[in-house]
Structures are given as C-alpha cells and as structure tokens.
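Nothing fancy with the numbering, it's 1 onward along the sequence.
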Amino acid sequence: MTFFGNASSEHLAYSAWSNRGLPIVTNNQANCMIVDTSNDTLSLYVTHKAYAEKRNAYTYFSSEHQAYYCENIA
C-alpha cells in the first residue's frame, strides 16, 4: 500500500505507483491516516467516514484511534 501526503497532484508520480498495481491512499481521500501496528497485522484507520465506508462496508468508529477502520494492510 502506498500513502501520499498533502501535495498538488501534478507534483506526485501517481502513474508510477499505479503501474505497479499497488493500492493508493491519499490525504485528499482519507483525511488523516492511522496505521495501528500493535498486533501481528497493520490496520488502517482514517478520519474521513465516507472514504472508510467506500473502502469497507463494515467500517466502524474506533474510539481508541478516533478514526474509522478501513482494512488490514499486512
């Protein structure tokens, strides 16, 4: 998975990453991104509810992370 920060899209090489078939998440889409590394998997949480719902129909709000669960990424 590839995370892109806040920058104008003309300054990012999205195509280089897209050509590799890697999933991409941007701050523009997800707002704040939190990766929980506390267990054997990496879990992605985001603060943009609609984005979380789009990625995962079973999303939920985590009071621990103050964000919505998206998916396990590793």
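Defined by atom type and a distance below 3.5 Å, a donor-acceptor pair is missing between the side-chain atoms of Thr26 and Asn28.
The 12-atom threshold is exceeded at CG of Asn39, counting heavy atoms of other residues, nucleotides or ligands nearer than 6.0 Å.
Among residues two or more places apart in sequence or in another chain, the side-chain hydrogen bond (donor to acceptor under 3.5 Å, both in side chains) test is passed with Asn72 by Ser43, Tyr69.
Under the 4.5 Å side-chain heavy-atom criterion for Ile, Leu, Val, Met, Phe, Trp and Tyr, Val25 and Leu42 are members of the same hydrophobic cluster. The hydrophobic cluster containing Phe61 does not contain Tyr51, counting ILVMFWY residues as joined when their side-chain heavy atoms lie under 4.5 angstrom apart, directly or transitively. There is no path of hydrophobic side-chain contacts, each under 4.5 Å, that joins Tyr60 to Leu44.
The two atoms that bring Ser63 and Gln66 nearest to each other are O-NE2, 2.7 Å, heavy atoms only. Nearest approach of Ala52 to Cys70, heavy atoms of both residues: CA-SG, 3.8 Å. The minimum heavy-atom distance linking Tyr68 with His48 is given by the pair CD1-C, 4.4 Å.
Of the possible donor and acceptor atoms, one in the side chain of Thr47 sits under 3.5 Å from a partner among the backbone N and O of Cys32.
Ile34 contributes atom CD1, which lies 8.5 Å from atom OG of Ser62 (distance to the nearest 0.5 angstrom).
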side-chain contact (heavy atoms from CB on, under 4.5 Å) evaluation trace for Val46 with Arg55:
CA-CA 11 Å; Val46 300; Arg55 298 262 321 191; over 6 Å; no
